[in-house]
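Read the structure below first, then the notes.
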Amino acid sequence: MRDELISNIYNQALDIISKREHSEKEVTSKLLQKFNEPDLVDLTISRLKDNNLVNDERYAEIYIRIRKRKGFGPIRIKYELSFKGIDGSLSSAVIKEVGGWQEAAKNAFNKKFKKGIALEYKDKAKQKNFLQNRGFTFQEIDSVFS
């Protein structure tokens, strides 16, 4: 009976990760919603990690690249990753490794503001606020306006 339950949990985990990359925390929480067996879920997660089927570093890299392409900055992405169970030092390292954030800020700005940098102070402040809300640093925002 126990072996069958372990097999069911593992197969459910494989179903979850077959659709897209997931963090360890995401897989754990999804499995715990279906199976009230924390010890067996932990055992399954360990097995998935041993087989490199769940890898937080790989997940973080993929997530960062996708969000960067969608026009989000490193501050916001790091914040989002923390909710997905990714350690801050890991996300910082991967964000630094991915790089190109000034270019990403310029791309996000150009996509939103087709007419370019506003002349009025109030409008320029709104443009800077947009980039700040997208999660870009002040240095990256300044690079767009200089």
Testing T44, I9, L48 for side chain to side chain contact (heavy atoms under 4.5 Å, CB included) with L14, which one passes? L48

Answer yes if F72 and Y59 sit in the same cluster of Ile, Leu, Val, Met, Phe, Trp and Tyr residues linked by side chain heavy atoms under 4.5 Å apart, and no otherwise. yes

Quick check: is I45 connected to L5 through a chain of hydrophobic side chains (ILVMFWY, heavy atoms under 4.5 Å apart)? yes

Does a sphere of radius 6.0 Å around CG in N51 hold more than 12 heavy atoms from other residues, nucleotides or ligands, not counting ones at 6.0 Å or beyond? yes

When every non-hydrogen atom of L131 is compared with those of A105, the smallest separation belongs to CD2-O, 3.7 Å

Atom CD in E57, atom CG in D87: separation rounded to 0.5 Å? 11.5 Å

Distance to the ring centre below 6.0 angstrom and angle to the axis at most 45 degrees; does that hold for K128 and F145? yes

Angle class for the F109/F113 ring planes (parallel below 30°, perpendicular above 60°, tilted otherwise)? tilted

Strictly by salt bridge (Lys or Arg N to Asp or Glu O under 4.0 Å), give each pair with a member in residues 93-113 just once, sequence neighbours left out. none

Between N11 and N8, a side-chain donor and acceptor under 3.5 Å: no

Could you tell me which residues satisfy side-chain contact (heavy atoms from CB on, under 4.5 Å) with L32, sequence neighbours excluded, listed by chain and number? T28, P38, V41

Between K30 and E26, is there a salt bridge with N-O shorter than 4.0 Å? no

Pair R76 + E80: basic N to acidic O under 4.0 Å: yes

Are the side chain of Q132 and the backbone of T137 linked by a donor-acceptor contact shorter than 3.5 Å? no

